[in-house]
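Take a look at the structure below.
All values below were derived from every heavy atom in this structure, side-chain atoms included, with hydrogens, water molecules and symmetry-related copies excluded.
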Amino acid sequence: MDERYVIVDADTGLKLTEEQLDERSAVAIVQLRRRGVRTGDTVLICLPVGPDLLVATDAVIAAGGVAYPVPADLPAATLRERVRASRARVLISDVPHAVRAAEESWVRIVLGVADLGVPRRGDTPGEGDAGRGQGAGRA
């Protein structure tokens, strides 16, 4: 069976297959639920466009949450306004100014991509994961 790619990271060229998306999302769903994400919760997602954003969004929706994507390249002041306006209590981000904005908002749980338990690049030989970042962890 041919591998079907769901996303190719334009910056790195790394690819994510349907199977990898399903596997990573399943792991992330468990972590979101362990951290208290419940059906109907709004979850801000502030990550660069790429595989990590796709996995996080897929996992939030599958966990019953409402994915609220915020562009990672917004100016800090605009990002701060969007974070406050969302009234979300959960943020998934490795972007420093997004994490700082969360400190002045309703957000009570901050997760980095690594906190979702998603395998990082190089964790599994031969896999093309574009993961980067460190856990932000206020959870």
Can [Y] be reached from [X] by stepping across I, L, V, M, F, W or Y side chains whose heavy atoms are under 4.5 Å apart?
| X | Y | answer |
| --- | --- | --- |
| L116 | L54 | yes |
| Y68 | V110 | yes |
| I7 | L53 | yes |
| V95 | V49 | no |
| L47 | V27 | no |

- Task: Let me see the working for R87 and T42 under side-chain contact (heavy atoms from CB on, under 4.5 Å), right down to the final yes or no.
- Result: CA-CA 8 Å; R87 298 183 63 95; T42 300; over 6 Å; no
- Check: H97 side chain, R80 main-chain N or O, donor-acceptor pair, under 3.5 Å: no
- Message: How long is the straight-line distance from CD of E3 back to CD of E18, given to the nearest 0.5 Å?
- Response: 10.5 Å
- Query: Out of curiosity, L16 CG to D22 CG, how far, rounded to the nearest 0.5 Å?
  - Reply: 9.0 Å
- Message: Determine whether C46 and L79 satisfy the following criterion, side-chain contact (heavy atoms from CB on, under 4.5 Å), listing intermediate values before the conclusion.
- Response: CA-CA 9 Å; C46 184; L79 181 60; 4.0 Å; yes
Of the non-hydrogen atoms in [X] and [Y], which two are nearest, and what is the gap between them?
| X | Y | result |
| --- | --- | --- |
| D9 | P51 | OD2-CD, 3.6 Å |
| A102 | L91 | CB-CD2, 3.7 Å |
| A67 | P69 | O-CD, 3.4 Å |

- Message: Pair V60, I92 - check side-chain contact (heavy atoms from CB on, under 4.5 Å), show working.
- Response: CA-CA 10 Å; V60 167; I92 299 171; 3.8 Å; yes
- Check step by step if side-chain contact (heavy atoms from CB on, under 4.5 Å) holds for L21 and D58. CA-CA 8 Å; L21 173 62; D58 189 56; 4.3 Å; yes
